S.K.: 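Quick one: this structure, given as structure tokens, is what I'll be asking you about.
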Protein chains: 2
Amino acid sequence: MAQTVLNSRAPSILVAMATSGGKHPRSDSKTKNSGQHITIREVAKAAGASVSTISAALNNSDYVSAEMRSRIQGAIKQLKYRPNDLARGLRLQKTHTIAVIVPDLSNNFYVDVVRGAKDYSTSANYTVLVGDSREKWDEERDYLDSFHRRRVDGVVRVPAMDALTKKMKPILGNIPWIYADRYPASGDSSVGRVGIDNVVAADNATRYLLSLGHRSIGIISGDISSGTSADRLEGFLQALRAANIRPDRSMILAGHNDIESGHKHAMQLLQRAQRPTAIFCTNNMMALGAFAAIQELGMRCPEEISLLGFDDFYWSTLLRPTLTVVRQPAREVGMIAARMLIDHVEGRSPIETPVLLATQLIVRDSCSPPRQMNA
Amino acid sequence: MAQTVLNSRAPSILVAMATSGGKHPRSDSKTKNSGQHITIREVAKAAGASVSTISAALNNSDYVSAEMRSRIQGAIKQLKYRPNDLARGLRLQKTHTIAVIVPDLSNNFYVDVVRGAKDYSTSANYTVLVGDSREKWDEERDYLDSFHRRRVDGVVRVPAMDALTKKMKPILGNIPWIYADRYPASGDSSVGRVGIDNVVAADNATRYLLSLGHRSIGIISGDISSGTSADRLEGFLQALRAANIRPDRSMILAGHNDIESGHKHAMQLLQRAQRPTAIFCTNNMMALGAFAAIQELGMRCPEEISLLGFDDFYWSTLLRPTLTVVRQPAREVGMIAARMLIDHVEGRSPIETPVLLATQLIVRDSCSPPRQMNA
DNA sequence: AATAAATGCCGAAACGTTTTGGCAAAATTG
DNA sequence: CAATTTTGCCAAAACGTTTCGGCATTTATT
């Protein structure tokens with residue numbers, strides 16, 4: 001058992017032999033096909049039929065006699081024939097493929113969006129390609145470009161945070177796309193968008209905090225180039241106004257939807273002389289950052305500070321305290337996005353857009369009434 | 001069970017739904033191309049050159065004059081031409097694409113594997129397709145089939161747990177594949193495999209528990225149809241033997257690498273009359289399940305029970321206690337798998353296989369010396 | 001200056017499918 | 001039984017690239 005143990009750093013590249021030999025070794029003289037894969041042509045030969053008949057049998061339409069059909073099946077099985085989707089897509093001018101690009105696959109919310117899109121697509125006989133931009137426009141652009149070159153039939157897009165102002169038409173051309181979850185404040189769109197009703201979600205969440213007695217609430221929201229973040233902030237403010245509380249601008253911080261900015265801004269809020277009694281984070285990563293900040297400062301949650309997050313994790317209940325969050329129907333967002341996109345692609349009449357799904361406030365342990373003011 | 005479609009109020013965008021009319025508007029009578037995308041042919045026309053010259057310029061090889069080249073660039077930019085990778089792949093009999101299939105994208109370990117593979121591939125001018133089998137062979141097979149039909153140049157495979165006995169050749173044909181992380185006990189392989197040295201990783205981890213004074217250690221390992229799990233169990237036993245401890249078979253439980261089986265088996269271990277003082281879980285999901293079980297039973301960790309896991313999470317430090325784990329270089333596993341696969345695809349001489357990377361024991365708070373026996 | 005070689009470009013043939021129009025034979029009709 | 005339709009199959013033309021062999025020019029070599 002010769003086991004090579006490589007240091008993870010080891011860059012050792014064992015190099016190149018001659019690339020391609022001068023001669024192309026044509027081994028089989030029987031069939032014209034030179035290479036790797038068996039083609040419909042070889043199936044035809046084996047079944048004693050013509051190429052077009054094989055194709056007809058494959059797309060089981062048309063007139064193919066039962067006998068011929070079974071002969072073809074036999075040949076296919078025996079040769080282990082697999083259709084070439086490149087050729088198919090080229091000829092058909094249709095790939096039966098959609099792409100889904102999300103900003104962060106390590107965020108389970110987006111994994112669920114992807115899975116939703118995948119499941120719907122599968123049921124509609126489409127396959128999906130997934131991209132993971134890691135919140136970087138450059139990566140997103142590269143993915144979109146690649147999707148374009150592969151001629152996907154459409155894309156479900158959750159833009160990276162720094163990509164919200166980018167124009168899509170130059171990148172995607174005629175390929176339709178739909179926004180899921182996030183969407184740009186500027187209304188560049190193609191098929192529409194699906195997400196949640198961010199305003200009412202944030203409004204409800206904030207009302208919950210108010211109902212507990214909180215009057216001084218900090219919010220760590222996303223960048224307002226995102227319509228999503230803007231809406232959540234809007235909902236927050238709306239709830240405050242409804243309760244006749246004047247929002248304190250210094251309590252409103254714009255993060256970047258990642259752990260770091262959640263942490264940074266929570267630190268900032270918590271170390272003020274007049275600190276809030278509750279913090280509302282408008283996405284899950286920032287909530288995690290805030291959670292960490294609270295732990296670091298040794299503050300007791302929820303006794304000293306309440307924390308309200310967005311999006312649920314499957315491991316939310318393992319944290320102490322367990323996290324109270326606004327749960328979004330991630331999977332449904334993905335499913336509906338895929339559905340709308342595919343409907344559009346297939347020329348079916350579109351449903352109204354934007355589609356806004358309802359959220360749910362999952363009350364757990366991280367929020368409680370604030371301590372007495374002078375405690 | 002979210003409520004669906006609530007359009008209620010249209011917040012920012014009223015969105016014109018001017019999508020496709022019933023008729024297909026054939027606007028351009030000039031070019032032969034009927035449809036969506038601009039082709040190299042139209043670029044040729046615009047640049048006043050032949051198709052083959054455009055191609056030559058594109059693959060910037062060959063003899064193309066500077067003047068012609070810039071004229072072509074101009075036409076490309078103006079028409080927003082994007083090469084069609086379907087046609088390209090068909091002609092070239094090579095897609096410059098590899099696929100990566102992992103069993104669970106909601107497990108961050110695999111996200112990192114994917115990202116590693118993606119980053120290496122990008123640097124080598126390959127793109128990657130990712131599949132997420134959710135631990136189900138059926139889904140994995142469908143993905144592999146799709147990859148085959150797309151004629152990917154190779155696949156990095158982390159098999160689903162119930163897929164370890166399946167033969168690949170019938171599915172993938174001549175497409176080469178490499179195992180990453182998990183591998184089947186039966187040595188069906190193509191390019192080789194890359195992972196960690198599971199035996200020594202588990203051995204080291206176990207020795208650590210022994211060094212703390214634990215003598216009664218439960219292990220929740222994966223199914224032994226997985227070579228990976230078998231190796232980890234082997235390392236565990238090896239460490240016990242080296243310490244002259246006779247392994248207690250009833251302390252060895254085979255889980256399924258998911259939260260549920262971690263939970264179930266931990267419950268079982270913890271509710272025995274003679275319960276272990278430490279539990280070793282050989283993957284991260286099972287560790288989480290065990291963690292939950294401990295919390296549920298209201299046991300104090302590490303005082304009453306030590307817990308040692310596999311794989312790190314980015315949020316491991318948010319749990320209380322923080323988790324002591326064996327950290328695997330997930331990203332490197334992905335990178336090296338991609339490297340070996342691409343090397344193979346391009347006919348370079350392969351490095352020795354299997355490639356086994358070193359792990360690291362991350363000591364945090366979930367393990368401590370056991371309480372006095374009679375406490 | 002005559003020849004050879006390099007340069008710059010092009011037409012046509014693939015790559016593996018699907019589709020269209022056609023052609024026989026069989027089945028149906030009058 | 002003749003005329004028609006249906007059935008079963010096939011050949012060839014696309015789809016958008018790359019590559020191979022040519023063919024003119026120009027440039028280099030005697």
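Below, chain A is the first sequence line, B the second, and so on; all start at residue 1. Please read all numbers here as calculations on a predicted model, not as lab measurements.
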S.K.: So among D181(B), V100(B), D104(B), which one has a side chain to side chain contact (heavy atoms under 4.5 Å, CB included) with V158(B)?
M.R.: D181(B)
S.K.: For L92(B) and I54(B), find the nucleotide of DNA chain C closest to each by heavy atoms; which residue's nucleotide sits nearer the 5' end?
M.R.: I54(B)
S.K.: Side chain of N84(B) only, heavy atoms from C-beta on: which candidate in dT19(C), dG16(C), dT17(D) is closest?
M.R.: dT17(D)
S.K.: Side chain of T39(B) only, heavy atoms from C-beta on: which candidate in dT18(D), dA11(D), dG16(D) is closest?
M.R.: dG16(D)
S.K.: Tell me whether R141(A) is salt-bridged to D145(A), with the criterion being a basic N under 4.0 Å from an acidic carboxylate O.
M.R.: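 No, no charged N to carboxylate O under 4.0 Å.
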S.K.: Just the rounded figure in Å: distance from P of dT18(D) to CZ of R149(A).
M.R.: 12 Å
S.K.: Write down the distance between CZ (R151(A)) and P (dC15(D)), rounded to a whole number of angstrom.
M.R.: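 Taking CZ of R151(A) and P of dC15(D), I get 14 Å after rounding.
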S.K.: Check this one for me: any side-chain N or O of R88(A) less than 4.0 Å away from OP1 or OP2 of dT18(C)?
M.R.: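 Checking R88(A) against dT18(C): at least one side-chain N or O falls below 4.0 Å of OP1 or OP2.
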S.K.: Go through the side-chain N and O atoms of D132(B) and Y110(B) and say whether any donor and acceptor fall under 3.5 Å apart.
M.R.: no
S.K.: Please determine whether a side-chain nitrogen of the Lys or Arg among K118(B) and E139(A) lies less than 4.0 Å from a carboxylate oxygen of the Asp or Glu.
M.R.: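 Result for this pair is yes, salt bridge flagged.
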S.K.: Mind calculating the distance between OH (Y81(A)) and C1' (dG16(C)) to the nearest angstrom?
M.R.: 7 Å
S.K.: Of the candidate nucleotides dA12(C), dG16(D), dT17(C), which contains the atom at the shortest distance from the side chain of S52(B)?
M.R.: dA12(C)
S.K.: Check side-chain hydrogen bond (donor to acceptor under 3.5 Å, both in side chains) between T53(B) and all other residues, then give those that pass, not counting sequence neighbours.
M.R.: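 T53(B) satisfies side-chain hydrogen bond (donor to acceptor under 3.5 Å, both in side chains) with S50(B) once adjacent residues are dropped.
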S.K.: What are the atom names and distances for every N/O pair under 3.5 Å that joins the protein to nucleotides 6-9 of chain C?
M.R.:
from: dC9(C); atom 1: OP1; to: S65(B); atom 2: OG; distance (Å): 3.2
from: dC9(C); atom 1: OP2; to: S65(B); atom 2: N; distance (Å): 2.7
from: dC9(C); atom 1: OP2; to: S65(B); atom 2: OG; distance (Å): 3.2

S.K.: Give the rounded distance in Å between these two atoms: CD of E42(A) and C1' of dT17(C).
M.R.: 14 Å
S.K.: Between atom CD in Q93(B) and atom P in dC15(C), what is the gap in whole Å?
M.R.: 8 Å
S.K.: Between D138(A) and K166(A), is there a side-chain N and carboxylate O pair less than 4.0 Å apart?
M.R.: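 Result for this pair is no, no salt bridge flagged.
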S.K.: Give the rounded distance in Å between these two atoms: CG of L79(B) and C1' of dG16(D).
M.R.: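 Rounding to the nearest Å, CG of L79(B) and C1' of dG16(D) are 15 Å apart.
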S.K.: Return the value, rounded to whole Å, for the distance between atom CG of L86(A) and atom C1' of dA14(C).
M.R.: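 So the two atoms are 15 Å apart, to the nearest Å.
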S.K.: Would you kindly check whether a donor in the side chain of R91(B) faces an acceptor in the base of dT18(D), or vice versa, at under 3.5 angstrom?
M.R.: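 Pair found.
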S.K.: Taking the axis from the first five pairs and the axis from the last five, what angle separates them in the helix from dA1(C)-dT30(D) to dG30(C)-dC1(D), rounded to 10 degrees?
M.R.: 40°
S.K.: With F147(B), which of L129(B), I171(B), D153(B) fulfils side chain to side chain contact (heavy atoms under 4.5 Å, CB included)?
M.R.: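 Exactly one option meets the side chain to side chain contact (heavy atoms under 4.5 Å, CB included) with F147(B), and it is L129(B).
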S.K.: Taking atom P of dC15(D) as reference, at what distance in whole Å does atom CD1 of I40(B) sit?
M.R.: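 Computing the I40(B):CD1 to dC15(D):P distance gives 14 Å.
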S.K.: Given R150(A), which partner from the list D85(B), T95(B), T127(B) fulfils the side chain to side chain donor-acceptor pair (under 3.5 Å) test?
M.R.: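 Considering D85(B), T95(B), T127(B), a side chain to side chain donor-acceptor pair (under 3.5 Å) with R150(A) is found only for T127(B).
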S.K.: Would the number of heavy atoms belonging to other residues, nucleotides or ligands and lying under 6.0 Å from CD of Q78(A) be above 12?
M.R.: no
